[in-house]
Every structure is written in C-alpha cells, then in structure tokens.
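Here is the structure we will look at.
These numbers come from a predicted model, not from an experiment.
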Amino acid sequence: IARGALEFGARAGLGDADTSDMVDATSWLAGSVGYLFVPSRASRLRLAADLRLAGNEMSVSLRFEALFGLLDASAAPW
C-alpha cells in the first residue's frame, strides 16, 4: 500500500531591501503544491512545485527531494 500526503502552502509578505530614507516596499505572494510519498519508515520522496509573484516578476520552480534510509530497524522499550 502506497502511503503519501498531498500538501498545499501559501505565503505573502511585504518588505524593503533599501535602508535609505527612500523606502521602496515590495509585496510578494507565493504558493506551493507537492506530494510526499513514504514507501517505508526510513525513506521519503517529495515532488513539489512553487510559484512566486514579486512585483512585476514571476518565478516557477520544481523540486524533487529523496531521502533513503539504509537501515529500517525498530527498538523495543526496555
């Protein structure tokens, strides 16, 4: 049986990169969607897409993350 989770995220912010008296504030919005697949207790695979809007710019990124555990052992309580 495949185990996994669908994840959604949203972020918003307002900031400035200038420290002088003329402050140019920039707002941004970001959203993400991903799927986390857990084939065993020690291994995980994650595929995600992010979209970010900052001022007049848009960026899209795709990510693939893999974590593989060689040893999958459990310990019994004493």
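For Arg44, there are no salt bridge (Lys or Arg N to Asp or Glu O under 4.0 Å) partners, not counting sequence neighbours. Here Glu7 pairs with Arg46 under the salt bridge (Lys or Arg N to Asp or Glu O under 4.0 Å) rule; sequence neighbours left out.
Going from atom CG of Leu62 over to atom CG of Leu47 covers 7.5 Å, rounded to the nearest 0.5 Å. The OG atom of Ser32 sits 7.5 Å away from atom CZ of Arg63, with the distance rounded to the nearest 0.5 Å. Note: Ser61 OG to Asp50 CG = 4.0 Å, rounded to the nearest 0.5 Å.
Hydrophobic cluster membership for Trp28: none, as no Ile, Leu, Val, Met, Phe, Trp or Tyr side chain comes under 4.5 Å of it.
Residues Val38 and Leu67 are members of separate hydrophobic clusters, defined by side-chain heavy-atom contacts under 4.5 angstrom among Ile, Leu, Val, Met, Phe, Trp and Tyr. Using a 4.5 Å cut-off between side-chain heavy atoms of Ile, Leu, Val, Met, Phe, Trp and Tyr, with links allowed through other members, Val60 and Val33 fall into different hydrophobic clusters.
Here the closest non-hydrogen pair linking Ser43 and Phe68 is OG-CD1, 3.4 Å. Listed here is the closest heavy atom pair of Phe64 and Leu45: CZ-CD2, 4.0 Å.
Counting only heavy atoms from C-beta outward, the side chains of Leu51 and Met58 approach each other to under 4.5 Å.
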